[in-house]
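Below, read A as the first sequence line, B as the second, and so on, with proteins coming before strands; counting in each chain starts at 1.
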There are 2 protein chains.
Amino acid sequence: MDDTAGRGARAGHEVLAAVLQIRSGRLSVLLWRRARPPFEGAWVLPGGRLGGDEGLGESIRRQLAQKVDVRDLAHLEQLETRGAPDRCPGGRTLATAYLGLVPAHIEPVVPADTAWHPASDLPSMGYDHAAIVHSGRRRLRAKLSYTNIGFALAPPEFTMSELSGYYRAALGHDVAATNLRRVLLRRGQIEETGRSVPSGRSGGRPAALCRFRAPRLEVTDACAVLRPPGAARPDQRPPC
Amino acid sequence: MDDTAGRGARAGHEVLAAVLQIRSGRLSVLLWRRARPPFEGAWVLPGGRLGGDEGLGESIRRQLAQKVDVRDLAHLEQLETRGAPDRCPGGRTLATAYLGLVPAHIEPVVPADTAWHPASDLPSMGYDHAAIVHSGRRRLRAKLSYTNIGFALAPPEFTMSELSGYYRAALGHDVAATNLRRVLLRRGQIEETGRSVPSGRSGGRPAALCRFRAPRLEVTDACAVLRPPGAARPDQRPPC
DNA sequence: ACAAAAGTGTTAGCGGTACACCCATGT
DNA sequence: ACATGGGTGTACCGCTAACACTTTTGT
């Protein structure tokens with residue numbers, strides 16, 4: 001396309017994404033193996049040059065769809081922009097990083113030179129991309145606590161023990177399914193579908209199927225501290 | 001200064017800042033009045049072109065010091081990068097926005113074409129800069145609840161009623177000084193200096209002077225929800 | 001009958017707001 | 001003495017973790 005490479009100081013702007021998914025009970029990130037220097041053989045985040053007249057989010061969506069066949073992002077948000085003069089050998093490059101989330105039930109068809117890696121055990125990575133993955137993981141962990149972002153990790157319907165497994169993988173610690181259920185129900189994040197899953201060979205009560213109520217990010221529990229006066233009483237609290 | 005307007009498609013990267021300060025009990029933002037089209041006469045955020053080999057944060061620091069004589073930022077953090085193709089008439093421009101905070105006791109010497117405006121009552125602003133100011137205010141409000149970011153609003157020493165005034169201005173609602181004291185003390189954000197301020201003409205007990213303990217941003221109350229198991233007991237909780 | 005997994009009830013504790021009450025100073 | 005503003009003590013309440021207990025299934 002308009003790959004105006006080889007220019008001096010003003011190389012183009014890059015857009016990258018840390019695409020996360022819970023795979024086999026581990027929080028994993030989609031990486032791409034560089035075939036050429038710099039950082040030949042190292043793993044990097046998918047992405048590339050920003051096109052001439054596309055927005056930033058638009059661009060990373062396009063590139064993920066084209067290059068790694070990831071079309072089913074349940075959530076995408078901007079993380080940060082990095083532009084240290086020395087972050088790129090051979091001329092400074094600005095890069096805007098995004099966090100993308102793929103629900104656990106989807107299996108994107110990725111090219112041979114890309115692979116999923118556990119976010120807690122990253123391979124040797126090029127540029128400053130490992131730091132970006134950590135930013136994404138921190139962001140996800142934080143938002144699991146005060147937003148409904150779980151909708152972007154879970155399939156459309158799930159049992160509570162499955163969901164607690166996703167939370168455990170993302171947060172890095174155990175989450176009791178029994179309490180998670182109540183917390184998310186009271187916050188209005190999830191609801192029961194009415195259906196249930198037959199119990200396995202070893203018996204046990206069949207699990208109820210739940211779903212998230214909203215398909216977009218919502219803040220359900222804006223931090224518990226420094227509330228406006230009167231917020232305790234349920235009667236008519238100010239909207240914001 | 002180096003306002004290279006009227007260039008074609010590939011303009012350079014811009015760095016902007018929403019510089020906030022509590023002034024006369026109101027959260028205010030430093031704006032700059034454009035003298036030339038586009039957006040002639042409208043107010044915009046200070047900032048400008050990113051220099052050839054400077055980092056993003058470095059660049060906004062330099063430009064704030066050079067152009068508006070703001071050298072005493074107690075805190076600076078990246079907000080977001082905007083790059084919608086139509087955000088700039090006459091060619092797309094990417095802009096990375098920062099949030100800067102100036103403590104209340106400082107009076108920067110700003111040029112004639114810049115002025116402080118209440119963040120809750122913005123004038124007519126150019127580009128998408130009003131949205132950036134709102135992002136900055138949202139970020140500040142959120143971080144007041146779970147970090148020690150108050151250190152960047154308050155002077156080195158302050159009474160609790162002064163501090164509650166800063167919190168009220170930034171949060172937009174009353175904050176009881178008596179409870180704020182306990183909350184921030186328990187979190188270890190502030191401490192007493194031992195000194196106190198003589199009471200005014202109308203009498204009253206002299207107020208104790210406090211200070212923030214750390215001069216840098218720290219998360220003191222990572223959201224109260226979804227704690228790891230065992231976090232309640234004070235004995236040896238995991239570091240992160 | 002028994003084991004296993006899901007879901008409910010209940011308790012305890014933390015953290016925050018609200019408010020009455022005490023403290024120190026000026027007039 | 002009294003007014004004024006700062007600081008402490010305390011009650012209350014929401015929220016969550018922990019855990020015992022009940023429910024529903026398979027063997």
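Not counting sequence neighbours, the partners of A:H75 by the side-chain hydrogen bond (donor to acceptor under 3.5 Å, both in side chains) test are A:E77. B:F151 meets the ring pair (Phe, Tyr, Trp, His ring centres under 6.0 Å) test with no other residue; sequence neighbours excluded. Residues passing the side-chain hydrogen bond (donor to acceptor under 3.5 Å, both in side chains) test with A:D113, sequence neighbours excluded: A:W32. Evaluation of the salt bridge (Lys or Arg N to Asp or Glu O under 4.0 Å) rule for A:R195 yields A:E157 as partners, not counting sequence neighbours.
B:Q189 places its CD atom 14 Å from the P atom of C:dG15, with the value rounded to the nearest Å. Per the geometry, CG belonging to A:L163 stands 14 Å off C1' belonging to C:dA6, to the nearest Å. Atom pair B:D174:CG and C:dG16:C1' shows a separation of 16 Å (rounding to whole Å applied). Distance, B:R195 CZ to D:dG6 P: 19 Å, rounded to whole Å. For the pair B:E162 CD and D:dG7 P, the interatomic distance rounds to 11 Å; values are reported in whole Å. D:dG9 atom C1' lies 15 Å from atom CZ of B:R186, rounded to whole Å. Atom pair B:E192:CD and D:dG6:P shows a separation of 14 Å (rounding to whole Å applied). The CG-C1' distance, from B:L185 to D:dT8, rounds to 12 Å in whole Å.
Interface remark: the B:R182 side chain does not form any donor-acceptor pair with the D:dG7 base, using a distance-only criterion of under 3.5 Å.
One finds no side-chain N or O of B:R181 lying less than 4.0 angstrom from the OP1 or OP2 phosphate oxygen of D:dG9.
Each of B:F212, B:Y166, B:Y167 was checked for a ring pair (Phe, Tyr, Trp, His ring centres under 6.0 Å) with B:F158, and the lone residue meeting it is B:F212.
Considering only the side chain of B:P206, C:dA24 comes nearest among C:dG16, D:dT24, C:dA24. Considering only side-chain atoms of A:S161, the nucleotide from C:dG16, D:dG7, C:dA6 that sits closest is C:dA6.
DNA chain C lies under 4.0 Å from at least one heavy atom of each of the following residues of residues 197-204 of chain B: B:S199, B:G200, B:R201, B:G203, B:G204.
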Step-by-step side-chain hydrogen bond (donor to acceptor under 3.5 Å, both in side chains) determination, A:Q21 to A:S28: CA-CA 5 Å; A:Q21 186 185 28; A:S28 307; over 6 Å; no
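Each salt bridge (charged side-chain N to carboxylate O under 4.0 Å, His left out) pair with one or both residues in residues 200-216 of chain B, not counting sequence neighbours, appears once here: B:E191-B:R211, B:E191-B:R213. Among pairs with a residue in residues 120-136 of chain B, those fulfilling salt bridge (charged side-chain N to carboxylate O under 4.0 Å, His left out) read B:R82-B:D128, B:R87-B:D128, at least two apart in sequence or across chains.
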Would you give me the side-chain donor-acceptor pairs under 3.5 Å for residues 175-183 of chain A, sequence neighbours excluded?
unit_1: A:N179; atom_1: OD1; unit_2: A:R182; atom_2: NH2; d: 3.0
unit_1: A:R181; atom_1: NH2; unit_2: A:E192; atom_2: OE2; d: 2.2

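Of the two residues near DNA chain C, A:L209 and B:L180, the one whose nearest nucleotide lies more 5' is A:L209.
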Using the 3.5 Å cut-off, write out each protein N or O paired with an N or O of nucleotides 20-22 of chain C and the distance between them.
none

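Nucleic acid contact class of B:A208 (heavy atoms, under 4.0 Å, all strands): sugar-phosphate only.
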